[in-house]
Amino acid sequence: MNLHEYQAAEIFASHGIRTNPGSVATTPDEAATLAQAAGGPVVVKAQVLTGGRGKAGGVKLARTPDETREAASAILGLDIRGHVVRRVLVASAVDIAQEIYLGVTLDRARRQNVVMASAEGGVDIEEVARDRPERIVRALVDPFLGLHAWQARQIGFALGLATDRVAGFATIARQLYDTYLREDATLAEINPLVLTGNGDWLALDAKMTIDDNALFRHPGFESLRDLDAEDPTELDARQSGISFVKLGGDIGCIVNGAGLAMATMDAVMLHGGEPANFLDVGGGASADQVAKAFSLVTADPNVRAILINIFGGITRGDVVAEGITEALRRVAVPVPIVVRLSGTNAEEGRHLLSETGLTASDSMDEAAAQAVRAAHAA
Ligand code: GDP
Ligand code: MN
């Protein structure tokens, strides 16, 4: 789950990181009123769940309330890579002397959290990562010891910071690491972390992704979810307890179990097809769940065939087959369906399915090949 800048900034501040406080406006007039209250130049920033807002015209400086109104009306409604701006953050403009990149994320290959920093902070960090990776300092963090003070200072020195700025930087790096850990984030990022003209450190941007699997530990985060920004089908799926991720292909996949769902997508690709989605119906495959899965998958107009892949462990194949036939009575499915059913009572299940005219196989490979052929023929 991604947080908006203003939400992440509030969380950073609650962990002691100095941020540039601002307020959110949804109309140009509201923005102008906030600028009036700020009593000086402000920055107006699009609140969308994507980076690179600056380059896309989503961050503007304004000297007066009138300029703020203009800036806000230019930014509100702007489409930044598919994210329409509905809110802007208005904050006092800061006099920037130096911009640093600072982030914490998980290095899966090394199985450790990693702190990354660069003296080339600001809007072009992706470019730095691509063209001058040596300009990014990385420090792996021992999971038992955390980010040591000396380690944080070492990052500061490696960035070439003035000696008397290193301690301040190290404090923020440790606070950010602490925030990342305690809030169960998979990413916590400040870009830019700035040194102001007065020599103070200030987090001018805030980005945070929370690990969805840890959300149950943070019930407060649910209210931060931006339902406007979510794919409506994925939202619908989550509310039904189905894991669903929309992809670009034309073969709809309905599978029980996350691992099998991944393997199913691989099988489709091995036969020259492209999966339209990842879908895990969860434990069983009741008529309700399968009917829901059918409507999720067929909501995508690109889908030309559906591959159902169910392995009956505790779930019995005949019950699954009844679920599928019952679901088909409730939902109209306009594309060919291929079923692979194996495991407990699979034979009875396949028999039931073939009676209703469906193609059922016990081989995943064969079913995937059939689904790809069906999609290509359609
Ligand atoms: P992003 O492009 O989505 O990462 O948006 P940021 O919040 O990082 O803003 C982009 C850039 O706008 C920053 O790197 C700064 O250079 C600039 N910026 C943001 N806030 C201020 C401010 O208060 N004063 C000044 N002078 N520049 C700002
Ligand atoms: Mn930024």
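The structure presented is a predicted model; accordingly, all values stated were derived computationally and were not measured. Note that these values count all heavy atoms, side chains included, but never hydrogens, waters or copies made by symmetry. Atoms within each ligand, like the ligands themselves, are counted from 1 in listed order.
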Starting from L147, can I reach F12 by hopping between I/L/V/M/F/W/Y residues whose side chains sit under 4.5 Å apart?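 Yes, F12 and L147 fall within the same hydrophobic cluster.
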
Can you check whether [X] has an N/O within less than 3.5 Å of an N/O in ligand 1?
X: N20; value: no
X: G122; value: no
X: A93; value: no
X: N191; value: yes
X: K45; value: yes
X: T50; value: no

Audit row: T344, R316, side-chain hydrogen bond (donor to acceptor under 3.5 Å, both in side chains) steps and yes/no: CA-CA 5 Å; T344 316; R316 282 164 35 205; over 6 Å; no

Within reach of ligand 1, part of V94 (heavy-atom separation under 4.0 Å):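 Both backbone and side chain of V94 come within 4.0 Å of ligand 1.
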
Donor-acceptor pair, distance only, cut-off 3.5 Å: does the side chain of E5 make one with the backbone of L49?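 Between the backbone of L49 and the side chain of E5 there is no qualifying donor-acceptor contact (under 3.5 Å).
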
Test of geometry: compute the angle OD2(D205)-the Mn ion (ligand 2)-O(N191) and round it to 10°.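 It is 90°, given to the nearest 10°.
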
Quick one: which ligand 1 atoms are inside 4.0 Å of a heavy atom on E99?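 Reading through ligand 1 atom by atom, the close ones are 13 (C), 14 (O), 15 (C), 16 (O).
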
Just verifying a value: how many Å separate L352 CG and T325 OG1, rounded to the nearest 0.5 Å?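 The OG1 atom of T325 is 6.5 Å from CG of L352, to the nearest 0.5 Å.
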
If you scan the protein for heavy atoms around atom 17 (C) of ligand 1, do you find one that is closer than 4.0 Å?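 No; the ligand atom in question lacks any protein heavy-atom contact below 4.0 Å.
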
